[in-house]
Amino acid sequence: MKRKVENLINNALEKAYKNGDLLSSNFPETEVEEPKIGSQGDLSTNIAMKMAKIQKMSPRKIAEAILSNVENPDNIVAKMEIAGPGFINFFINTLAWHPFLKKIHDEDTGYGASNIGQGRRIQVEFVSANPTGPLHVGHGRGAAVGDAVANILAYCGYDVQREYYVNDSGRQIRTLGLSVFLRYRELFDQNIIFPDDCYQGEYIKDLAETIKAENGRKLLEKDEEQAVEFCARFAASTILKGIETDLADFGISFDRWYNEQSLFDSGRVDTIIRELKDKGIIYEKDGANWFRTTDYGDEKDRVVIRENGLTTYFASDIAYHKEKFERGFTRVIDVWGADHHGYIPRITASVQAAGYDKNQFNVILIQLVNLLRGGKPASMSTRSGEFVTLKNVVDEVGRDAARFIFLTRHYESPLDFDLELARKQTNENPVYYVQYVHARISSILKKGKKEKGITHVSWNEKALSGLTEPEEIQIIRQLIGYPETVKASAELMEPHRITYFLMNLASSFHSYYNKHKVLTDDPDLTEARLYLVLAVKKIIRNGLTLLGVSAPDKM
RNA sequence: GCGCCUGUAGCUCAGCUGGAUAGAGCAACGGACUUCUAAUCCGUAGGUCGGGGGUUCGAAUCCCUUCAGGCGUGCCA
């Protein structure tokens with residue numbers, strides 16, 4: 001509809017210029033938007049105000065010139081008026097809204113899809129938690145956002161790959177091995193001191209128990225380094241399997257699990273460091289090797305190889321991100337926790353050093369999740385190991401509620417996640433509010449079939465002319481806005497836009513439902529309303545699908 | 001100190017990327033089930049968009065400045 005009105009305006013502009021009503025043909029882009037207040041029409045444009053300077057005329061004069069040249073061939077516009085400082089308001093003919101419903105039905109699951117990605121390859125890397133412990137709620141938020149972003153991008157024509165980067169080498173894995181080994185020795189009544197910097201959680205003890213059950217005291221006879229190495233590998237792979245399961249239960253799967261270790265095994269890390277040294281981007285100082293990240297705007301240079309000869313996490317990340325682009329992705333998106341924001345400049349630097357544009361690399365920084373229970377903080381300290389895991393949360397509140405709540409905020413704002421509230425099946429909990437729309441409509445359709453024998457609703461222009469209630473037009477207007485919402489949410493990588501869209505649509509529907517009956521004694525009206533309501537159902541389903549939330553037929 | 005993020009109704013947050021009189025939900029108060037699911041709806045009340053400057057026809061939105069909170073600022077990951 002916006003586009004249609006834009007065309008009317010653009011044609012009017014040209015005509016006005018030819019007539020001499022306008023002095024310049026230098027037209028700014030026509031923008032049409034929905035006024036918030038009903039009395040200001042269905043759509044309005046600010047074009048006259050934007051043109052005032054160029055045309056050297058007052059906005060209202062320009063508006064008049066435009067209005068006198070508007071042609072309205074399809075009788076879309078019922079009324080036009082100039083308002084305020086120079087807005088042109090358009091009142092749309094009720095009948096003109098109806099054809100949009102047909103588009104929704106015809107395109108069905110594809111309604112809202114687009115091709116802004118044009119098949120470009122894009123990678124979304126998310127979660128990527130170290131396999132040193134189970135996923136906690138914070139990872140859950142990253143998972144929900146990353147997955148939704150990937151869904152939305154794919155829906156908008158990108159060729160999306162989901163990847164999980166597994167940090168399976170480096171010091172934290174050794175620490176993991178040591179932690180497990182020490183707990184293992186404890187099981188044989190050996191007196192050990194368990195260091196503070198080891199992993200404290202109960203799961204470490206469980207892993208030790210498993211090793212004991214499978215290997216007896218064999219490890220005690222081994223050389224300690226070997227034993228730690230064994231524990232490390234066993235623990236990491238067991239934990240990773242657990243992570244994979246927890247994510248699957250959360251409805252998330254990856255196209256690829258990428259091992260950090262493989263970057264060393266293939267020699268990629270060595271190669272890239274050598275290349276960068278040759279280019280002078282990496283240099284030696286104080287016995288260590290430094291990357292000149294300051295050349296790319298970082299606040300100081302960063303160590304790649306430590307004085308002790310070991311590489312840092314950054315070294316493998318340089319190789320990793322370069323490799324991503326070599327795989328053919330034109331854009332790479334990393335979803336990180338906000339506590340990693342200090343790493344953005346250095347990774348961006350490495351991407352640029354590899355010859356790619358900094359805009360090809362984006363980081364979505366997920367802010368903290370405050371886990372609450374009845375308004376009071378639920379413990380989440382990693383140190384004591386008593387954090388609430390993602391699995392705990394999903395088991396307690398369910399997948400749909402968890403995912404939806406993670407997506408009710410812009411990812412840049414901290415999120416309060418109240419377990420008690422998420423479990424409630426009341427209107428305090430927005431998931432049910434939206435899902436309930438889908439269930440209610442399913443129920444109407446079922447009843448329509450049972451009592452009136454209506455098994456199929458289709459486009460019927462005559463019947464649809466009966467859809468004239470303000471609530472009905474309001475719903476159609478909202479439905480029409482869906483593709484735009486999806487597009488914006490893809491471009492900005494902000495899934496919460498869809499969440500809010502769905503809540504607003506749900507609100508309009510519930511309101512309508514309470515005021516008007518869909519199944520009436522008038523067959524035409526019933527058919528028209530079923531057609532409308534079915535369109536709502538399709539869009540609720542489409543939106544929830546993008547968010548990774550189910551659309552139940554019954555609740 | 002420096003960097004990033006956030007300050008919008010009592011609370012939790014939206015605000016379509018500069019538009020007209022700033023919106024929801026919760027909490028409070030008052031109403032609606034012999035009806036397609038009351039997991040719902042209707043109404044009332046609630047605001048100096050942290051403060052101060054600037055940019056322009058027009059600012060919650062952009063710029064500067066200031067205050068407050070969170071996070072980061074390792075040859076840890």
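Naming: A, B, ... by sequence-line order, numbering from 1 per chain.
Within the model, atoms CD1 of A:Ile88 and CD1 of A:Ile9 stand 6.0 Å from one another, a figure rounded to the nearest 0.5 Å. The CG atom of A:Asn542 sits 4.0 Å away from atom OH of A:Tyr155, with the distance rounded to the nearest 0.5 Å. Between the CD1 atom in A:Ile272 and the CG atom in A:Asp270 there is a gap of 11.0 Å [rounded to 0.5 Å]. One distance of note links OG1 of A:Thr408 with CG of A:Leu415; it measures 5.5 Å at 0.5 Å rounding. Here the straight-line distance linking atom OG of A:Ser316 with atom CG of A:Leu263 works out to 6.5 Å at 0.5 Å rounding. Taking CD1 of A:Ile273 as the start and CD1 of A:Ile318 as the end, the distance is 6.5 Å to the nearest 0.5 Å.
A donor atom on one side chain and an acceptor atom on the other are found under 3.5 Å apart for A:Tyr283 and A:Asp301. Judged by distance alone, the side chains of A:Asp334 and A:His321 do bring a donor and an acceptor atom under 3.5 Å apart.
The distance between atom CG of A:Asp416 and atom C1' of B:G70, rounded to the nearest whole Å, is 12 Å. The interatomic distance linking A:Ile498 (CD1) with B:G15 (P) rounds to 13 Å, in whole Å. A:Met51 places its CE atom 18 Å from the C1' atom of B:G58, with the value rounded to the nearest Å. Atom C1' of nucleotide B:C2 and atom CG of A:Asp298 are separated by 12 Å, given to the nearest angstrom. Put simply, CZ on A:Phe509 is 20 Å from P on B:A24, counting in whole angstrom units. One can place CE of A:Met555 at 9 Å from P of B:U40, the figure rounded to the nearest angstrom. Atom P of nucleotide B:C13 and atom CG of A:Leu502 are separated by 20 Å, given to the nearest angstrom. Protein atom CE of A:Met503 is 12 Å distant from nucleotide atom C1' of B:G23, rounded to whole Å.
Using a 4.0 Å heavy-atom cutoff across all strands shown, A:His496 reaches sugar-phosphate atoms only and no base atom. At a threshold of 4.0 angstrom between heavy atoms, the contacts of A:Asn504 with the nucleic acid are absent. When heavy atoms are screened at a 4.0 angstrom cut-off, A:Ala52 is found touching no nucleic acid atom at all. Base engagement by A:Asn89 is indicated by at least one non-hydrogen atom pair under 4.0 Å involving a base atom.
The side chain of A:Asp339 lies closest to B:G72, out of B:U12, B:G72, B:A20. Closest to the side chain of A:His510, out of B:C75, B:C5, B:U40, is B:U40. In this structure, of B:A39, B:C13, B:C75, it is B:A39 that holds the atom nearest to the side chain of A:Tyr432. Here the side chain of A:Glu299 is nearest to one of B:U12, B:U73, B:C5, namely B:U73.
Applying the side-chain hydrogen bond (donor to acceptor under 3.5 Å, both in side chains) criterion to A:Ser128, with sequence neighbours excluded, gives A:Glu125. In this structure, the side-chain contact (heavy atoms from CB on, under 4.5 Å) partners of A:Ile173, at least two apart in sequence or on a different chain, are A:Pro131, A:Thr132, A:Ala232, A:Ala236. Residues passing the side-chain hydrogen bond (donor to acceptor under 3.5 Å, both in side chains) test with A:Asn89: none are found, sequence neighbours excluded. For A:Thr348, the side-chain contact (heavy atoms from CB on, under 4.5 Å) partners at least two apart in sequence or on another chain are A:Ile344, A:Gln352, A:Lys358, A:Phe361. A:Asn259 meets the side-chain hydrogen bond (donor to acceptor under 3.5 Å, both in side chains) test with no other residue; sequence neighbours excluded. In terms of the side-chain hydrogen bond (donor to acceptor under 3.5 Å, both in side chains) criterion, A:Arg306 has no residue partners (sequence neighbours excluded).
Within the shown strands, nothing qualifies as a pairing partner of B:C76 under the Watson-Crick or G-U definition with both distances less than 3.5 Å. Using N1 to N3 plus N6-O4 or O6-N4 for Watson-Crick, or N1-O2 and O6-N3 for G-U wobble, each under 3.5 Å, B:A28 pairs with B:U44. In this entry B:A38 has no Watson-Crick or G-U wobble partner, no candidate having both defining distances under 3.5 Å. The partner of B:U55 cannot be assigned: no Watson-Crick or G-U wobble pair with both contacts below 3.5 Å exists in any strand. Pairing of B:C71, defined by two Watson-Crick or G-U wobble distances under 3.5 Å, is identified with B:G3. When Watson-Crick and G-U wobble pairs are counted only if both distances are under 3.5 Å, B:A14 pairs with no nucleotide at all.
Here the side chains of A:Asn429 and A:Ile405 are in contact, with some heavy-atom distance below 4.5 Å.
OP1 or OP2 of B:C42 has at least one side-chain nitrogen or oxygen of A:Ser511 nearer than 4.0 Å. Contact annotation: A:Tyr433 side-chain N/O to B:C41 OP1/OP2 distance is under 4.0 Å.
Counting only residues at least two apart or in different chains, side-chain hydrogen bond (donor to acceptor under 3.5 Å, both in side chains) contacts with residues 470-481 of chain A comprise A:Asp42-A:Arg477, A:Glu471-A:Lys515, A:Glu471-A:His516, A:Glu472-A:Tyr512, A:Glu472-A:Arg529, A:Gln474-A:Gln478, A:Gln478-A:Ser508.
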For a quick test of your reading: what N or O donor-acceptor pairs under 3.5 Å do the side chains of residues 441-452 of chain A make, sequence neighbours left out?
unit_1: A:Ser442; atom_1: OG; unit_2: A:His438; atom_2: O; d: 3.0
unit_1: A:Ser442; atom_1: OG; unit_2: A:Asp553; atom_2: OD1; d: 2.6
unit_1: A:Lys452; atom_1: NZ; unit_2: A:Thr520; atom_2: O; d: 3.2

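Side-chain atoms of A:Ser44 and base atoms of B:A20 include a donor and an acceptor less than 3.5 Å apart. The base of B:G3 lies close enough to the side chain of A:His341 for a donor and an acceptor atom to sit less than 3.5 Å apart.
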Provide a list of protein-nucleic acid N or O atom pairs under 3.5 angstrom, restricted to nucleotides 17-19 of chain B.
unit_1: B:G19; atom_1: N7; unit_2: A:Asn46; atom_2: ND2; d: 2.8

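Proximity of residues 437-452 of chain A to RNA chain B (heavy atom under 4.0 angstrom from any strand atom) is restricted to A:Ala439, A:Arg440, A:Ser443, A:Ile444, A:Lys447. The stretch residues 512-537 of chain A touches RNA chain B through A:Tyr513, A:Asn514, A:His516, A:Lys517, A:Val518, A:Leu519, each having a heavy atom within less than 4.0 Å of the strand. Residues from residues 406-414 of chain A lying near RNA chain B, meaning a heavy-atom separation below 4.0 Å, are A:Arg409, A:His410, A:Glu412, A:Ser413, A:Pro414 in numerical order.
With its glycosidic angle more than 90° from 0, B:C26 is assigned anti. With a glycosidic angle more than 90° from 0, B:U35 adopts the anti conformation.
Annotation: B:A60 and B:U17 have their C1' atoms spaced 13 Å apart (nearest Å).
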